Asker: 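Attaching a single structure in structure tokens format; questions to follow.
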Protein chains: 2
Amino acid sequence: MQSEGVASRSADPSSPRGSRTGNPGGGTSGNGAPPVDAVSLAIIEQLQEDGRRPYAAIGKAVGLSEAAVRQRVQKLLDQGVMQIVAVTDPLTVGFRRQAMVGITVEGDLDPVADALTAMPEAEYVVMTAGSYDLLVEIVCEDDDHLLEVINKRIRALPGVRSTESFVYLKLKKQTYMWGTR
Amino acid sequence: MQSEGVASRSADPSSPRGSRTGNPGGGTSGNGAPPVDAVSLAIIEQLQEDGRRPYAAIGKAVGLSEAAVRQRVQKLLDQGVMQIVAVTDPLTVGFRRQAMVGITVEGDLDPVADALTAMPEAEYVVMTAGSYDLLVEIVCEDDDHLLEVINKRIRALPGVRSTESFVYLKLKKQTYMWGTR
DNA sequence: TTCGATCGTCACGGATTCCGCAGTTCTGGG
DNA sequence: CCCAGAACTGCGGAATCCGTGACGATCGAA
């Protein structure tokens, strides 16, 4: 169903192996560049369709042996390039109200962002440049719950100057990238 | 193993770690629609930590046999309550600029929303009530790409009255629910 | 050029897991 | 009370997962 090239559009064939590996000194890490080539991208694509697909099936699809796929997947997971997780439909698990909240802050952003991150209702927290300092996605059971979170908890945080809310009417598209580092 | 095969069906206050998948209605409250009970919620929680965790291990954690877990997982997938997928870090796969764009529209929202949904750079499209009609999350390779998407493609859509952009400075939290229906 | 070292890949065997198939128990109606 | 449906358990057989060792290629340095 989903469009195919979710994460791989524009395969970026330019300089996969950057300038030089340059770690003969023995430093095990030395990892800064995206070490993900077209094959790994294809593996990721397979796992984006089905996170439990057997390695052998993936290998057949991308032209690799089972062991090779296994090691690549393990490395991708270890390096934090991808995660394999279950994602749920908020509605079917009982959450009926979602909203994006734009927040302007007075002073340091970090404490506010951390406090929001700690809230279980905050699904998404990001610092932005624009007329808001922070954007937070809130997932709640119902209107009362949503009101309580926004009005009593978010607006009560020290440093929060103002908030503006956008209640979700209909979610049209949602794909899965993640970038917390 | 299980001394008493009692499937903790109803009351089991020994909730795992309140946070992810917090049960809204306080367990099996007057929530008729969601066909997902506390045990399935616990299973989902296990799979949110590791989408490839073996059924037997999940069963041990939630107090169910391997076969029972397998059947429940299959049903949850069939019913569309959850998906098991790989999620990627945009940065490591070559996308270095993200932004949320608030859009106000003249006339019908649907055609604009559909056009946005069709864009591969649009990671997230939602209709909202508030000072924007639509919120769109854009994932791009660099600033030029982002500028092109916002200025040339989004603002060029018929019906788009205005846009306001929030470039991501730092993503602090990201969890995985999904709700496209 | 030649050597040395690292990385990726392939191959294989044992332990584990997945999967289908009854049989049993529990719940809710008629 | 009896029945029907759903859910859970247990059990093999097949498939998969996982560690280990060896081969070949690439890159840097002498």
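Treat the numbers as computed from the prediction; the structure is a model and nothing was measured. Below, chain A is the first sequence line, B the second, and so on; all start at residue 1.
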Asker: Find the distance B:Lys60:NZ to D:dT9:C1' and express it as a whole number of Å.
Answerer: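 My rounded result for the distance is 15 Å.
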Asker: Does B:Gln71 or A:Tyr55 map to a spot on DNA chain D nearer the 5' end, using the closest nucleotide for each?
Answerer: B:Gln71
Asker: Step by step, would you call B:Leu116 with B:Ile103 a side-chain contact (heavy atoms from CB on, under 4.5 Å)?
Answerer: CA-CA 11 Å; B:Leu116 292 167; B:Ile103 304 175; 3.8 Å; yes
Asker: Closest-nucleotide mapping onto DNA chain C: is B:Arg70 or A:Arg70 further toward the 5' terminus? I mean the 5' end.
Answerer: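 The answer here is A:Arg70.
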Asker: Can you find a side chain N or O atom of A:Lys75 that sits less than 4.0 Å from OP1 or OP2 on C:dC7?
Answerer: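 A:Lys75 to C:dC7 OP1/OP2: no side-chain N or O under 4.0 Å.
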Asker: Check the distance between C:dT17's P and B:Asp50's CG and give it to me in whole angstrom.
Answerer: 12 Å
Asker: Tell me, do A:Glu49 and A:Arg53 make a side-chain contact under 4.5 Å, heavy atoms counted?
Answerer: yes
Asker: Is any side-chain nitrogen or oxygen of A:Arg52 closer than 4.0 Å to OP1 or OP2 of C:dT17?
Answerer: no
Asker: Is any side-chain heavy atom of A:Leu47 less than 4.5 Å from a side-chain heavy atom of B:Val85?
Answerer: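 No - every pair of side-chain heavy atoms lies 4.5 Å or more apart.
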Asker: Please give, in whole Å, the distance from D:dA6 P to B:Gln79 CD?
Answerer: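 After rounding, the gap between these two atoms is 12 Å.
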Asker: Honestly, is B:Arg52 close enough over A:Tyr55, meaning NZ or CZ under 6.0 Å from the six-membered ring centre and within 45° of the axis?
Answerer: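 Yes, B:Arg52 sits over the ring of A:Tyr55.
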Asker: Without decimals, in angstroms, what is the distance between B:Leu47 CG and C:dC18 C1'?
Answerer: 15 Å
Asker: Does the plane of the ring in B:Phe166 sit parallel, tilted or perpendicular to the ring in B:Tyr132? Use 30° and 60° as the thresholds.
Answerer: perpendicular
Asker: Just compare D:dG10, D:dT16, C:dT17 and give me whichever is closest to any side-chain atom of B:Pro54.
Answerer: C:dT17
Asker: Taking five pairs at each end, how big is the angle between the two axes of the helix from C:dT1-D:dA30 to C:dG30-D:dC1, to 10°?
Answerer: 40°
Asker: Would you say A:Lys173's side chain and B:Thr117's backbone share a donor-acceptor pair under 3.5 angstrom?
Answerer: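 It does hold such a pair.
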Asker: Between atom CD in A:Gln74 and atom C1' in D:dG19, what is the gap in whole Å?
Answerer: 12 Å
Asker: Tell me the interatomic distance from B:Glu66, atom CD, to D:dA15, atom C1', rounded to whole angstroms.
Answerer: 13 Å
Asker: Using a 4.0 Å heavy-atom cut-off, does B:Ala68 contact any base of the nucleic acid, only the sugar-phosphate backbone, or nothing at all?
Answerer: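 Touches a base.
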Asker: Which is it for B:Glu148 and B:Arg153 under the salt bridge (charged side-chain N to carboxylate O under 4.0 Å, His left out) test, yes or no, and what are the steps along the way?
Answerer: CA-CA 7 Å; B:Glu148 189 239 326; B:Arg153 299 214 258 133; 3.3 Å; yes
Asker: Please tell me which of the listed nucleotides, D:dC8, C:dC10, C:dC18, lies nearest to the side chain of B:Arg72?
Answerer: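 Among the listed nucleotides, the one closest to the side chain of B:Arg72 is D:dC8.
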Asker: For the pair made of CD1 in B:Ile43 and P in D:dA7, what is the distance, rounded to whole Å?
Answerer: 12 Å
Asker: Write down the distance between CG (A:Asp78) and P (C:dC7), rounded to a whole number of angstrom.
Answerer: 14 Å
